[in-house]
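First comes the structure, then the notes that go with it.
Keep in mind that what you see is a predicted model, and the values were worked out from it rather than measured.
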Amino acid sequence: MNKASLFLSVAVSLAVVFTVYAYASRTCTAESVTNDRISAEAAQPAAVPVKGKVLVVYFTSPETDGVDTSSGASRIVADGKLYGSTEYVAALISQKTGGDLFQIKTAHAYPGTHKELLDASKREIDAKARPKLTSHIQRLKDYDVIFVGFPNWWYDMPMPLYSFFDAYDFTGKTLIPFCTHAGSRFSQAEKTIAALEKGAKMQKGLAISRKNLGEAETAIQNWLQRMGFGK
């Protein structure tokens with residue numbers, strides 16, 4: 001092979017290499033941009049249909065033995081009224097969304113004293129109990145968006161919530177959890193709800209420490225606005 005032919009062969013080979021490299025670089029860059037955009041979109045809370053009818057469901061069991069909220073009591077006094085901590089958050093969500101309130105009630109009453117309440121809830125969890133419910137949602141089909149709130153008991157939802165999710169099918173509904181806690185936030189509750197209600201459209205929930213209930217309104221307002229509620 002003469003020098004001219006050799007030079008031409010090398011030049012063609014290099015041109016092919018550079019073409020392939022340029023194509024691969026563009027492809028990788030495009031894929032990276034696409035993946036980054038998808039990740040960014042996934043990180044943003046999806047819009048909730050604000051025109052849909054809202055129901056705010058909650059379970060509460062306020063303690064009555066005078067235990068301070070910073071010690072883990074599930075109550076707050078606001079405007080001279082005693083609320084369960086979750087009930088208080090539910091009332092704020094209802095006010096700001098115009099949603100109807102619904103309280104999950106059980107056939108048996110829970111103890112009002114702190115230690116006895118902890119012991120009773122632990123026995124229910126260990127037994128995988130399904131407490132009997134005495135309150136029932138009327139015309140569930142009328143609601144599009146369902147907020148569901150509860151206190152975190154022993155790193156889980158209270159067992160009445162399991163009874164609640166057993167009783168209703170939220171397929172096609174938007175489910176938005178919220179909880180009050182003493183440091184454990186949701187634990188695994190959000191994943192549990194998603195597993196129990198596979199047909200529902202889940203939104204990222206809000207966990208509020210019982211120690212911060214007095215300042216919870218701003219956090220609730222910001223959370224709701226990110227999902228399209230309010231102004």
Side-chain angles (χ1 to χ4, degrees), residues 39 42-46 48 54-63 67-76 78 83-94 96-97 99 101-104 110 114-115 117-126 128-129 145-165 170 173-198 200-229:
S39 297
Q44 299 297 319
V48 172
V54 174
L55 181 66
V56 184
V57 175
Y58 68 95
F59 172 77
T60 191
S61 183
E63 296 170 24
V67 177
D68 185 80
T69 54
S70 63
S71 301
S74 54
R75 72 177 192 171
I76 184 173
Y83 291 89
S85 56
T86 309
E87 178 185 22
Y88 175 67
V89 175
L92 289 176
I93 294 172
S94 174
K96 296 177 183 302
T97 62
L101 275 171
F102 174 82
Q103 182 179 354
I104 297 173
Y110 286 87
H114 186 66
K115 183 180 185 305
L117 177 59
L118 289 177
D119 292 344
S121 61
K122 186 64 166 63
R123 287 193 297 270
E124 283 193 343
I125 290 172
D126 290 344
K128 300 186 185 302
V145 180
I146 318 291
F147 289 85
V148 183
F150 50 88
N152 184 323
W153 284 359
W154 295 103
Y155 312 104
D156 200 353
M157 298 186 296
M159 298 314 289
L161 268 295
Y162 284 86
S163 299
F164 175 78
F165 286 116
F170 292 104
K173 309 288 186 184
T174 297
L175 276 182
I176 312 174
F178 62 96
C179 81
T180 54
H181 64 95
S184 300
R185 301 181 65 81
F186 276 107
S187 298
Q188 297 298 310
E190 288 181 294
K191 292 181 180 178
T192 299
I193 294 171
L196 293 172
E197 297 292 342
K198 292 183 173 65
K201 295 171 284 187
M202 289 287 296
Q203 288 282 328
K204 182 66 177 174
L206 179 68
I208 295 181
S209 170
R210 295 168 184 167
K211 294 184 292 185
N212 299 327
L213 281 175
E215 296 79 39
E217 186 169 359
T218 298
I220 293 168
Q221 180 70 39
N222 292 338
W223 173 58
L224 293 173
Q225 286 181 344
R226 286 196 297 271
M227 292 188 293
F229 290 100

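Among the candidates Tyr58, Phe102, Phe229, the single residue satisfying the ring pair (Phe, Tyr, Trp, His ring centres under 6.0 Å) test with Phe147 is Phe229.
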Checklist entry - Leu206 and Leu224: side-chain contact (heavy atoms from CB on, under 4.5 Å), yes or no, with the steps? => result CA-CA 10 Å; Leu206 179 68; Leu224 293 173; over 6 Å; no
Checklist entry - Would Trp154 and Leu118 count as a side-chain contact (heavy atoms from CB on, under 4.5 Å) if you check the C-alpha gap in whole Å, the side-chain angles of each, and the deciding distance to 0.1 Å? => result CA-CA 8 Å; Trp154 295 103; Leu118 289 177; 4.3 Å; yes
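What you find for Ile93 and Trp223 is that their closest heavy atoms are CD1-CZ3, 3.8 Å.
Lys191 meets the salt bridge (charged side-chain N to carboxylate O under 4.0 Å, His left out) test with no other residue; sequence neighbours excluded. Listed by chain and residue number, Lys115 satisfy the side-chain hydrogen bond (donor to acceptor under 3.5 Å, both in side chains) test with Asp119 (two or more places apart in sequence, or in another chain). Every salt bridge (charged side-chain N to carboxylate O under 4.0 Å, His left out) that Glu190 has, sequence neighbours left out, goes to Lys204. In terms of the ring-ring contact (aromatic ring centres under 6.0 Å, His included) criterion, Phe178 has no residue partners (sequence neighbours excluded). By the ring-ring contact (aromatic ring centres under 6.0 Å, His included) test, Phe165 pairs with no residue at all, sequence neighbours left out.
Remark: aromatic rings of Tyr162 and Phe150 are distant, center separation not under 6.0 Å.
The aromatic rings of Tyr110 and Phe59 sit perpendicular to each other, their planes meeting at more than 60°, with 30° as the lower class boundary.
The salt bridge (charged side-chain N to carboxylate O under 4.0 Å, His left out) contacts involving residues 213-222 comprise Lys96-Glu217, where partners must be two or more places apart or lie in separate chains.
With no hydrogens or angles considered, a side-chain donor-acceptor pair links Thr86 and Thr180 at under 3.5 Å.
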